[in-house]
Amino acid sequence: MAEPVSAPKGTYDILPADQPVRRWVIARAEAVFHRYGYARIDTPTFEETRLFTRGVGESTDIVRKEMYTFEDLGGRSMTLRPEGTAPVARAYVEHGMHTLPQPVKLYYHSPMFRYESPQSGRYRQHHQLGVEAFGSDSPELDAEVIGLLAAVYAELGLSGLELRINSMGCRECRPGYSAVLRTFLAEHDDELCPECRERARLNPLRTYDCKAAGCKAVLQTAPRLPDHLCPACAEHHDRVQGGLRVQGIEFTADHTLVRGMDYYTRTTFEYQSSLLGAQSGVGGGGRYDDLVSAIGGPPTPGVGFGTGVERILLALSRSGADLPESRPPAVYLVAQTAEARGTVFELAHSLRSRGVAVELDYMARSMKGQMKQAGRSGARYAFIVGEQELADGTVTVRDLAEGTERRMPREETVGLPAPFQVA
RNA sequence: GUGAACGUAGCUCAGUUGGUAGAGCACUGGGUUGUGGCCCCAGCGGUCGCGGGUUCAAGUCCCGUCGUUCACCCCA
């Protein structure tokens, strides 16, 4: 026997039994996206590597150590999409969407790839649902996007989420704060972990990601970002919070919330669930007013979020909610004798072409075996064809839920009441 | 990339101080010849993750490796 092959580390198969809940989550989320005026976009699974190095940022963990990058046969460097925003921004530019009425509101559902060590709720291939709105710098749009994500979670019955928000400032005020923070960190160099010393030089804001006790202690006394926002950013931040209050959304301001992509400006936010353990983030996003120009487009503001399908599923299953299961066939056809099989096969075709979901036996099972299958399949009806039915052109229709049955001509079976007609 | 625990039938697991593998569920058949979901009986199914080592003998001890889980880290 050949050596067995298993799915790559950190990946998984989405089995038939897993599909219904997943499809339900995606469909409900899409319904909410449409309600808020977002249209679907699909971008390629891989992109030129420089889209991410320029868009997401050279100093981020994603770019530095988590990308699936490869050279194609033409010698071009390609990367499996690690996040959804940069590709959608690329498509916005490439298709001249700045000529459309702004803002342009797009959503996606796509697999993402990151070379990380897997654990619960963290995979090398996972799926995100996300939205991006380009072309408006209105703080109401930030508040709406945050509210939209809350609406998605509400639609799915996901509760117990905590929302944290922050402002990263803009290109006017952030460099000033960065410099102040860098100076401060330099003064406390000996108290920082080695990685943070590096971060302090390259991108001081990244030190907020660190969980080391020493670094956290230093940052407790560090100059705070909110105190260094320019008047325009401060006002924007206030108005976002006002917009959240209007929608009745509770949040906590967290000035240490720094997300993993360098493109964020002004608003950042994150929803966390206590049901998820260490990987508590269910979804998050923010504003990225410099991203489009960074990848070669016209200066265009934008705001959006991404939320993890697997994390939603995990939180949902741990919350003990009632979740959808797979749909059974409406009818299971039973051939009592070998001679009846031909008629049953014909009947299956005829019913299916009228839109009825039909299942039947392919394993030459006994009648009892077929009845057993019929019961387990969850079908409402068993249609039984035996010697007598064969002789007079009828079929015995057994209602498996009621335990009742009657004979009727085969042509009349399609007239049975729902759920018979459920496809 | 670092640390810890775990890795036995498709699934969930048991396996005593090392003596060449078991249960439940699932699957197949049967329980007197035209009928399911319950019950009973039988059957199918395992290179004990993989590779080395110690031993007369290893699922059981040791080392390595791969994988899973948890934590660090990072994020969805």
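So you know, we letter chains A, B, ... as the sequences are listed, proteins then strands, and number each from 1.
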task = Please lay out, stage by stage, how A/Arg266 and A/Asp289 fare under the test side-chain contact (heavy atoms from CB on, under 4.5 Å).
result = CA-CA 8 Å; A/Arg266 295 189 164 171; A/Asp289 291 342; 4.2 Å; yes
ask   = Between A/Gly386 and A/Val282, who's closer to the 5' end of RNA chain B by nearest nucleotide?
value =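 It is A/Gly386, whose closest nucleotide lies nearer the 5' terminus.
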For [X] and [N], what is the distance between atoms [atom1] and [atom2] respectively, to the nearest whole Å?
X: A/Lys368; N: B/C40; atom1: NZ; atom2: P; answer: 13 Å
X: A/Arg365; N: B/U35; atom1: CZ; atom2: P; answer: 17 Å
X: A/Lys372; N: B/U28; atom1: NZ; atom2: P; answer: 8 Å

task = Check every atom of B/G36, B/A76, B/G1 against the side chain of A/Ser117 and return the nucleotide holding the closest atom.
result =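 So the nucleotide nearest the side chain must be B/G1.
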Is any N or O donor-acceptor pair between the side chain of [X] and the base of [N] shorter than 3.5 Å?
X: A/Gln370; N: B/U35; value: no
X: A/Gln388; N: B/G34; value: yes
X: A/Arg398; N: B/G36; value: yes

key: A/Arg40 to A/Phe33, cation-pi by 6.0 Å centre distance and 45° axis angle   =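 No cation-pi geometry.
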query = What interatomic distance, in whole Å, is found between P of B/C25 and the corresponding atom of B/G19?
reply =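 The answer is 28 Å between these two P atoms.
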ask   = If we take the C1' atom in both B/A57 and B/G64, what is their distance in whole Å?
value =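 Nearest-Å result for B/A57 against B/G64 at atom C1': 23 Å.
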Side chains of A/Glu389 and A/Thr396, donor plus acceptor under 3.5 Å =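 Yes - a donor-acceptor pair under 3.5 Å links their side chains.
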Side chains of A/Asp254 and A/Thr256, donor plus acceptor under 3.5 Å =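 Judged by distance alone, the side chains do pair up.
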query = What is the nucleic acid contact for A/Gly403, judged by heavy atoms within less than 4.0 Å: base, sugar-phosphate only, or nothing?
reply =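 Result for A/Gly403 = base.
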key: Aromatic stack A/His127/B/A76: centroid gap under 5.5 Å, interplanar angle under 30°   =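 Aromatic stack with B/A76 absent for A/His127.
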Are [X] and [Y] ion-paired here, with the side-chain N under 4.0 Å from a carboxylate O?
X: A/Arg245; Y: A/Glu250; result: no
X: A/Arg341; Y: A/Asp361; result: yes
X: A/Glu412; Y: A/Arg407; result: no

So, does [X] get its side chain near the phosphate of [N], meaning an N or O under 4.0 Å from OP1 or OP2?
X: A/Arg64; N: B/C74; value: no
X: A/Arg114; N: B/C74; value: no
X: A/Ser366; N: B/G30; value: yes
X: A/Arg259; N: B/C74; value: no

Protein-nucleotides 64-69 of chain B N/O pairs closer than 3.5 Å?
| from | atom 1 | to | atom 2 | distance (Å) |
| --- | --- | --- | --- | --- |
| B/U68 | OP1 | A/Gly10 | N | 3.0 |

